[in-house]
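Numbers here are sequence positions counted from 1.
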Amino acid sequence: QSHLAESGGGLVQPGGSLRLSCAVSGFSVEYYAVGWFRQVPGKEREGVSCIGSDGRTSTYLDSVQGRFTITRDRSKNVVYLQMNNLKSDDTGLYSCAAESRVGVCAPRRPLDGDAFLYWGVGTQVTVPS
């Protein structure tokens, strides 16, 4: 059974760092694009970053470019989101999602959560203002 489990969220002061993990079971990340999304109550879900099934293609929301880095460990079947220099606007429920179709994670293409099939329940990141 396919399952994604996020961890690593928490409360961090502005300028701090967190590393989120998305542990995948039931399929291999080698064949799936994995994306990170965040949601704040009352606002639309945002696509934050994704990594393609090739392990090399990656995209970032403009506001996190240069601060966040997405990587994956095929041997552990885990995708990470390293978040540095966190700001209050980064607060939200961060969820990871996976999709096997080609093209859902592509440069200069907005990350669309509706295109992803498998989802985790999320981990909360809070950065006070």
Side-chain angles (χ1 to χ4, degrees):
Q1 188 169 356
S2 303
H3 184 64
L4 285 76
E6 302 92 339
S7 61
L11 173 66
V12 62
Q13 293 301 311
S17 298
L18 285 173
R19 189 178 76 159
L20 305 184
S21 298
C22 174
V24 177
S25 58
F27 58 89
S28 172
V29 296
E30 186 175 1
Y31 303 107
Y32 282 73
V34 175
W36 283 98
F37 299 82
R38 67 188 181 194
Q39 179 113 51
V40 175
K43 293 187 178 181
E44 287 193 7
R45 180 177 59 199
E46 278 187 309
V48 175
S49 180
C50 68
I51 186 165
S53 56
D54 61 3
R56 297 186 300 274
T57 303
S58 61
T59 68
Y60 298 92
L61 186 67
D62 285 347
S63 62
V64 308
Q65 182 78 45
R67 300 188 296 121
F68 290 12
T69 304
I70 190 168
T71 57
R72 78 178 187 187
D73 186 330
R74 281 194 310 168
S75 66
K76 296 180 179 179
N77 222 30
V78 177
V79 173
Y80 302 101
L81 185 68
Q82 178 67 43
M83 306 187 297
N84 298 329
N85 191 20
L86 282 160
K87 306 176 180 180
S88 57
D89 287 346
D90 296 319
T91 292
L93 181 68
Y94 283 70
S95 301
C96 61
E99 172 58 46
S100 61
R101 289 178 296 169
V102 175
V104 297
C105 179
R108 298 176 295 279
R109 178 175 179 172
L111 192 55
D112 180 6
D114 290 341
F116 285 73
L117 179 61
Y118 299 112
W119 286 81
V121 298
T123 184
Q124 179 67 34
V125 172
T126 301
V127 187
S129 55

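Smallest separation of non-hydrogen atoms from Ser58 and Cys105: CA-SG, 4.5 Å. Closest approach of Val104 to Ala33, counting heavy atoms only: CG2-CB, 3.7 Å. Nearest approach of Gly122 to Ser95, heavy atoms of both residues: CA-OG, 3.5 Å. Heavy-atom minimum distance, Leu11 versus Pro128: CD1-CD, 3.7 Å.
Contact annotation: the side chain of Arg38 approaches that of Leu61 to within less than 4.5 Å [non-hydrogen atoms, C-beta and beyond]. The shortest distance between side-chain heavy atoms of Tyr80 and Thr69 does not fall below 4.5 Å. Within the 4.5 Å cutoff, the side chain of Ser7 has no heavy atoms near those of the Thr123 side chain. Val48 places a side-chain heavy atom less than 4.5 Å from the side chain of Tyr94. Counting heavy atoms from C-beta on, the side chains of Val12 and Thr126 never come closer than 4.5 Å. Residues Ser28 and Arg74 have side chains not in contact (no heavy-atom distance under 4.5 Å, counting atoms from C-beta outward). Counting heavy atoms from C-beta outward, Val79 and Val29 have side chains that approach closer than 4.5 Å. The closest side-chain heavy-atom distance from Ser100 to Tyr32 is below 4.5 Å.
Linking Ile, Leu, Val, Met, Phe, Trp and Tyr residues whenever their side-chain heavy atoms come within less than 4.5 Å leaves Leu18 and Leu93 in two separate clusters. Follow the hydrophobic side-chain contacts under 4.5 Å out from Ile70 and you never reach Val102; the two are in separate clusters. Linking Ile, Leu, Val, Met, Phe, Trp and Tyr whenever their side-chain heavy atoms come within less than 4.5 Å leaves Val125 and Val121 in two separate clusters. Cluster membership check: Val34 does not share its hydrophobic cluster with Phe116, using side-chain heavy-atom separations under 4.5 Å among Ile, Leu, Val, Met, Phe, Trp and Tyr.
The aromatic ring centroids of Trp119 and Phe37 lie less than 6.0 Å from each other.
In this structure, CG on Asp90 lies 4.0 Å from CZ on Arg67, to the nearest 0.5 angstrom. Between Leu81 atom CG and Ser21 atom OG the span is 9.5 Å, to the nearest 0.5 Å. Of the inter-residue distances, the one linking Cys50 atom SG with Glu99 atom CD reads 12.0 Å to the nearest 0.5 angstrom. Between the OG atom of Ser17 and the CE atom of Met83 there is a distance of 8.5 Å, given to the nearest 0.5 Å. Separating the OG atom in Ser53 from the CZ atom in Arg72 is a distance of 7.0 Å, to the nearest 0.5 Å. Between atom OG of residue Ser129 and atom NZ of residue Lys87 there is a gap of 14.0 Å, rounded to the nearest 0.5 Å.
With respect to the salt-bridge test (charged N to carboxylate O, under 4.0 angstrom), the residues Arg45 and Asp114 qualify.
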Check the pair Phe68, Tyr60 against ring pair (Phe, Tyr, Trp, His ring centres under 6.0 Å), reporting the backbone distance first and the verdict last.
CA-CA 8 Å; Phe68 290 12; Tyr60 298 92; 8.0 Å; no

Next on the checklist: Before you tell me yes or no, could you show the steps for Trp36 and Cys96 under side chain to side chain contact (heavy atoms under 4.5 Å, CB included), namely the whole-Å CA-CA distance, both residues' side-chain angles and the distance that decides it to 0.1 Å?
Outcome noted: CA-CA 4 Å; Trp36 283 98; Cys96 61; 4.1 Å; yes

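No donor-acceptor pair closer than 3.5 Å links the side chain of Gln124 to the backbone N or O of Gly9. A donor-acceptor pair is defined here as one N or O able to donate and one able to accept, closer than 3.5 Å; no such pair exists between the side chain of Asp73 and the backbone of Val78.
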